[in-house]
Amino acid sequence: MVKEKLEGKIKKAYQMAVDEGTFKAERDCPEVIFIEKPKMESHGDFACGVSLKLARHLKLAPMKIAETLKDYIEKVGTNGSGSMKVEAAQPGFLNFQLDKSFLSNIIHQIASAGSNFGQGKPNGKKILIEYVSANPTGGLHIGHGRNAILGSSLANLLSFAGWQVEQEFYINDCGEQINKLAKSAYACYQRKLGQSVDYPEDGYPEDSLSPLVDKAMSEFDKSKLSTPEELGDIVKEYFRADQEKLLLSLGVKFDSWFSETSLHKDGKVEEALRQMSILDFTYDSEGAYWLKAKELGDERDRVLKKSSGATTYLANDAAYHLNKYKRGYDLMVNIWGADHHGQVPGLKAVVKALGEDPAKLDILLTQIVNLNRDGKPVKMSKRAGTVVMLDEVLEEVGADAVRYYLAESNPNNPINFDLELAKKTSKDNPAFYIQYAHARCCSILRRACEEYLDSESGKMNPPRVSLEQMREIEEAYGKDEHLFDSTFDHESDNPEAFAAQKKLVLRLACLPDEVEEAARVMQPGRIARYSYEIACDLQRFYEVSRVLSEDLSVTRSRLGLIMATRQVLANTLKIIGVSAPERM
RNA sequence: GCGCCUGUAGCUCAGUGGAUAGAGCAUCCGCCUUCUAAGCGGGUUGUCGAAGGUUCAAAUCCUUCCAGGCGUGCCA
């Protein structure tokens, strides 16, 4: 919002300078105008280093360019959105100092946009995010959890940023693992019927299957359980349904569940194989059917159909991705665990062999999640040995903490998830601290309309703001641009308070830029960290500046700042899928 | 061997080619009669893994090397 505005101004100034012959160059600025937030306050609220980059094109000294741009920016004027000071600084930066009307205008804009504040304009593009995609042969572990939270937060983020998003779970419901599941379940079933059969070697653990087999026996007639395949189909659906339920409890909801088996039933795998052979990217060798993957950038060729006649996961993936491409997305994102990174070149090769554009397929890899308790590694599962199961972590720390910690980090880095930290109710725990900031805003808004104790007389005073007045403020603050001007009126009385308010408002103003940037690099974690910064700025403001006071006009306008903060916190929490409580 | 990821403060991590390198934790000092102290302010803390290169400007881009993690199936 602010950055966009400044960028526009600089661009206009540049063009004016060209039009008037001050700069001898094309009208289009040859460098990207990047607005940054300077680290040092003396460098203004925002800064731009484009003059340094333009020096080469214009063959002028950077400082000279900055000064010229400054003059033209002043000529361009403010067109109503509040004014600012511009300064040219060595070695050629443009530093912007926003004034009070600009700050007050930001609150007004947040107020009028409400829950839409920060939203990107619809870009008319469709994106498919495929994630989790676990085998329906057991529960989800914490790694699946990371994948799920990244996918879900990314979907929220991109949708907020203006994409049309669909979320899909690809069910790996056929192949060797599923056969093994069916055989294990069937052996378990036969034993329950009193038959003495050997349990398959390296089969799935009997204790985890036993309750599901019981359930199948109670829900289905014997005639439906006569083969391992029939029982396998039932059990894998139980596992899938459990996964869906667990994901829903974390706020992860898919638009579609795509079955791998359905590709076989519909002849789609054969169709994909034919398409690749038509383009001459396949061959027979050693009794198997191969993809010329090496020609397509992989390190070696890959088997599509085993000598047994069964297709490999890669052939099935080819069929699945052909289907995705046919659905006409502008971009497809797959989220995989980093232990699958070796498959990336294979899948890219398949896409090329199908004659589709690999640039439309983006694969995000998530590194592992290490669980700690007070700095020491934990192994908590009774069921799966060393693997930590998602439902156990969820039960211990709750959905909000799980979502925050799995969303917050950069997917390329491993997560060190500390269970004790996630349960703490202090600033050490950012998930808590952000929610607390939201609750604090709500509390102040509530208290404004309540009676309060007069410390001198010891009597209760009537509320500072009546419910009716509060409604009026809420309504007016989206409409009246100048309602909040007095928020910043007391700079000289209390410079500390002014600085804290200004910092908070400028932080809030960055939401649109943060959303845009996070969406561009597909890192919802940036929003989580941004949210934490808001919470810190609010806390600072709260320390040095009272909202509810005897001065009604100041109270009203500061309530506006609190409403705006609450709104931006709510919008960011929604993206990462963490709840925004009104009381804690 | 080859491929991918990572290397920034004692620890966990941010950092978009820009100005003096940033948070939290830890540690030290100070602060609660006031809207939620479940907190706040301040101090200490760095060969940005190493060496070259590109650039007016490099933690950031390029090359080489070192260290760690993961992967390298007719499993998925």
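Residue numbers begin at 1 in each chain, while the letters A, B, ... track the order of the sequences.
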Task: Side-chain donor/acceptor contact of A/Ser307 with base of B/C74 under 3.5 Å - done: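 Pair found.
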Open item on the list: Once hydrogens and angles are ignored, does a donor-acceptor distance under 3.5 Å link the base of B/A19 to the side chain of A/Asn95?
Closed with: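 Yes, the side chain and the base share a sub-3.5 Å donor-acceptor pair.
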Can you tell me how far [atom1] in [N] sits from the matching atom in [M], rounded to whole Å?
{"N": "B/A23", "M": "B/U36", "atom1": "P", "result": "29 Å"}
{"N": "B/U63", "M": "B/U6", "atom1": "P", "result": "15 Å"}
{"N": "B/G7", "M": "B/A59", "atom1": "C1'", "result": "11 Å"}
{"N": "B/U45", "M": "B/A21", "atom1": "P", "result": "13 Å"}
{"N": "B/G43", "M": "B/C2", "atom1": "P", "result": "49 Å"}
{"N": "B/C48", "M": "B/G42", "atom1": "P", "result": "26 Å"}
{"N": "B/G15", "M": "B/A19", "atom1": "P", "result": "16 Å"}

Open item on the list: On RNA chain B, compare the nucleotides closest to A/Glu286 and A/Leu365; which residue's is nearer the 5' end?
Closed with: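 First, find each residue's nearest nucleotide; the 5'-ward one identifies A/Leu365.
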- [ ] Please figure out whether A/Glu517 or A/Arg546 has its closest RNA chain B nucleotide nearer the 5' end.
- [x]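 Closer to the 5' end of RNA chain B: A/Glu517.
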Using only heavy-atom distances, determine whether the side chains of [X] and [Y] contain a donor-acceptor pair under 3.5 Å.
{"X": "A/Tyr320", "Y": "A/Glu168", "value": "yes"}
{"X": "A/Arg507", "Y": "A/Thr565", "value": "no"}
{"X": "A/Asn172", "Y": "A/Gln177", "value": "no"}

Residue [X], side-chain atoms from C-beta onward, closest of [options]:
{"X": "A/Asn172", "options": "B/G18, B/A37, B/A76", "value": "B/A76"}
{"X": "A/Tyr436", "options": "B/U36, B/C5, B/C13", "value": "B/U36"}
{"X": "A/Gln539", "options": "B/C75, B/G39, B/C56", "value": "B/G39"}
{"X": "A/Arg300", "options": "B/C40, B/G73, B/G15", "value": "B/G73"}
{"X": "A/Phe93", "options": "B/C74, B/C35, B/G18", "value": "B/G18"}
{"X": "A/Glu543", "options": "B/G18, B/G39, B/U34", "value": "B/G39"}
{"X": "A/Arg529", "options": "B/A76, B/G15, B/C5", "value": "B/G15"}

- [ ] Would you mind classifying the nucleic acid contact of A/Ala55 as base, sugar-phosphate or nothing, using non-hydrogen atoms under 4.0 angstrom?
- [x]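 The answer is nothing, as A/Ala55 stays clear of every strand by at least 4.0 Å.
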- [ ] Would you mind classifying the nucleic acid contact of A/Phe432 as base, sugar-phosphate or nothing, using non-hydrogen atoms under 4.0 angstrom?
- [x]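 Since a base atom lies under 4.0 Å of A/Phe432, the category is base.
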Searching all strands shown, indicate the nucleotide that pairs with [N] (Watson-Crick or G-U wobble; both distances under 3.5 Å).
{"N": "B/C25", "answer": "B/G10"}
{"N": "B/U36", "answer": "none"}
{"N": "B/U60", "answer": "none"}

Open item on the list: Is the ring pair A/Phe432/A/Tyr436 parallel, tilted or perpendicular, if the boundaries are 30 and 60 degrees?
Closed with: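 It falls in the parallel class, under 30°.
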Task: From CG (A/Leu445) to CE (A/Met470), nearest 0.5 Å - done: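 Rounded to the nearest 0.5 Å, the CG-CE separation comes to 4.5 Å.
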